[in-house]
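Just below is one structure, and these are the notes that go with it.
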There are 2 protein chains.
Amino acid sequence: MRRDIFQAIADPTRRSIIALIAVQAMTPNAIAENFDITRQAVSKHLRILSECDLLKQEQQGREIYYQLEIDKMKEIDQWLEQYRQIWESRFDQLDTYLAKLQKDKKQ
Amino acid sequence: MRRDIFQAIADPTRRSIIALIAVQAMTPNAIAENFDITRQAVSKHLRILSECDLLKQEQQGREIYYQLEIDKMKEIDQWLEQYRQIWESRFDQLDTYLAKLQKDKKQ
DNA sequence: AATTTGCGAAACCAAATAGTTGCATATATA
DNA sequence: TATATATGCAACTATTTGGTTTCGCAAATT
């Protein structure tokens, strides 16, 4: 079973859960109140998010508080870095122009 | 059919295709040479990436050059922004500490 | 003109996904 | 002690996904 952060954030419900938890740690029941799906479905999302280390748990009696592991989000940022370099570069447009010249040459 | 950029980058093959095309525009055949799947499978990935405006096409005779629409990648960056604010903030640790105090109070 | 090449579309398939219901268990509370 | 609550897990289901093979078409090549 593939389980990485990109697959984790692919689901819109999971992105909403991440946004919720980013503000403050919450229990599965409290989270589920914000969605139209069952608590069990939320629990499965929490498991998926936990499996790729996006969440950490803290048990408080019979309640479990889920909290966002914000550092893990940096992985996406790191992946984006290579593309950020492209769009921030002023040579960007030049490259495109050169590629077009290359293609036109073939015609 | 759901089709957004987060679902598009969820697949590792598609992320590789994005990385390839980021360097220079390529034809489906040329892209497929880099993978162990059929050209048709690559074509389906290209369609998915195109459907969420991550790629643009340029026809050159019977060849089609696919190019990365780098601006679209900024959407991910924008989504990350809210979390970047969290991890870059020095109040980050304070918030966590306050949340813990809150929870401990309940015990 | 006949053939090869580059491509997309369609039909099909196995596996993964996101949801459900039902259940077991541990902790609070009456 | 009996009951209510919070949670995770398992079994099941419909849909989506990522791949395949087969096909048709248009552009290049012979």
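Just so it is clear: chains get the letters A, B, ... in the order the sequence lines come, proteins before strands, and each one is counted from 1. Heavy atoms only: backbone and side chains are in, while hydrogens, waters and symmetry mates are out.
- Two residues are said to be in side-chain contact when any heavy atoms from C-beta on lie closer than 4.5 Å; A:Asn34 and A:Met26 meet this criterion.
- For B:Glu63, whose side chain is taken as the heavy atoms from C-beta onward, the closest listed nucleotide among C:dG8, D:dC9, C:dC7 is C:dC7.
- Listed nucleotides C:dC7, D:dT7, D:dG19 differ in distance to B:Thr27; the shortest reach to its side chain belongs to C:dC7.
- Between the side chain of B:Lys44 and the base of C:dG8, no donor-acceptor pair of N or O atoms lies under 3.5 Å.
- Distances shown here put a side-chain N or O of A:Thr38 below 4.0 Å from the OP1 or OP2 atom of C:dT20.
- Whole-Å rounding puts the A:Asp11 CG to C:dA16 P distance at 17 Å.
- If you measure from atom CD1 of B:Ile37 to atom P of D:dT17, you get 16 Å, rounded to the nearest angstrom.
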### Query
Should A:Arg15 and B:Asp4 be marked as a salt bridge (Lys or Arg N to Asp or Glu O under 4.0 Å) after you check the CA-CA gap, both sets of side-chain angles, and the distance that decides it?
CA-CA 13 Å; A:Arg15 287 201 301 279; B:Asp4 63 45; 3.7 Å; yes

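- Atom CD1 in A:Ile64 sits about 9 Å away from atom P in D:dC9, given to the nearest Å.
- We find that B:Lys72 and B:Glu69 are not joined by a salt bridge, their nearest charged nitrogen and carboxylate oxygen being 4.0 Å or further apart.
- Interface remark: the B:Gln40 side chain does not form any donor-acceptor pair with the D:dT21 base, using a distance-only criterion of under 3.5 Å.
- In this model, the phosphate group of D:dT5 is not approached by any side-chain N or O of A:Asn29 to a distance below 4.0 Å at OP1 or OP2.
- When the C1' atom of D:dT7 is taken as reference, atom CZ of A:Arg47 falls 13 Å away, rounded to whole Å.
- With rounding to whole Å, B:Phe35 atom CZ is found 17 Å from D:dT20 atom C1'.
- Side-chain atoms of A:Arg62 and base atoms of D:dA6 include no donor and acceptor less than 3.5 Å apart.
- A salt bridge is defined here as a Lys NZ or Arg NE, NH1 or NH2 lying under 4.0 Å from an Asp or Glu carboxylate O, and B:Lys74 with B:Asp71 meets this definition.
- Note on B:Gln7: a side-chain N or O is less than 4.0 Å away from OP1 or OP2 of D:dT17.
- Evaluation of atom-type donor-acceptor distances gives no pair under 3.5 Å for the side chain of B:Arg14 against the base of D:dG18.
- Put simply, B:His45 has a side-chain N or O that comes within less than 4.0 Å of OP1 or OP2 on D:dG19.
- Counting only heavy atoms from C-beta outward, the side chains of B:Ile37 and B:Thr13 approach each other to under 4.5 Å.
- The distance from atom CD1 of A:Ile48 to atom P of D:dG8 is 13 Å, rounded to the nearest whole Å.
- Atom CD1 of B:Ile9 and atom P of D:dG18 are 13 Å apart (whole Å).
- Distance A:Gln60 CD to D:dA6 C1': 14 Å, rounded to the nearest Å.
- Heavy atoms of A:Tyr66 sit under 4.0 angstrom from primed sugar atoms or phosphate atoms, though from no base atom.
- A:Ser43 has a side-chain polar atom (N or O) that falls below the 4.0 Å cut-off from OP1 or OP2 of D:dG8.
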